[in-house]
Amino acid sequence: MRLRRIAERTGCSLTDPRGITELSLALRAVRQTPKPSSAVSTGTKGTSKTANR
C-alpha cells in the first residue's frame, strides 16, 4: 500500500528497474542527509548560544 502511494506520487514505476533504482537512490540520499542541529545558528537574532553574553 505504501509503495503504491510512493509510486503514484513520484511517477516512478515499481516494475521498471530504472524506477526502482531512482527511488532507492532518492531514499538513500534522504537518509544520509544530516538533520539540522538545534545548536546551529539560523542567523536570527538571539539564537546563538553566545548572543546573550
Side-chain angles (χ1 to χ4, degrees):
M1 190 87 164
R2 194 180 303 179
L3 287 175
R4 185 174 51 221
R5 285 194 309 247
I6 291 170
E8 288 172 356
R9 291 180 183 183
T10 61
C12 290
S13 170
L14 297 178
T15 58
D16 176 38
R18 180 174 282 188
I20 294 169
T21 302
E22 288 177 359
L23 286 173
S24 175
L25 290 173
L27 179 59
R28 182 174 289 184
V30 168
R31 286 181 174 167
Q32 290 182 351
T33 303
K35 303 232 184 296
S37 173
S38 60
V40 174
S41 175
T42 59
T44 7
K45 188 175 181 181
T47 58
S48 175
K49 289 184 177 184
T50 59
N52 295 329
R53 287 188 185 181

Shared hydrophobic cluster, Leu23 / Leu3 (ILVMFWY, side-chain heavy atoms < 4.5 Å):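 Yes, Leu23 connects to Leu3 through the hydrophobic network.
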
ILVMFWY network linking Ile6 to Leu14, side-chain heavy atoms under 4.5 angstrom: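 Yes, because Ile6 and Leu14 connect within a single hydrophobic cluster, where side-chain heavy atoms sit under 4.5 Å apart.
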
Backbone N/O of Ile20 and side chain of Ser24: donor-acceptor pair under 3.5 Å: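 Judged by distance alone, no pair lies under 3.5 Å.
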
Nearest heavy atoms of Cys12 and Ala7, plus distance in Å: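 So the two residues come closest at O-CB, 3.4 Å.
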
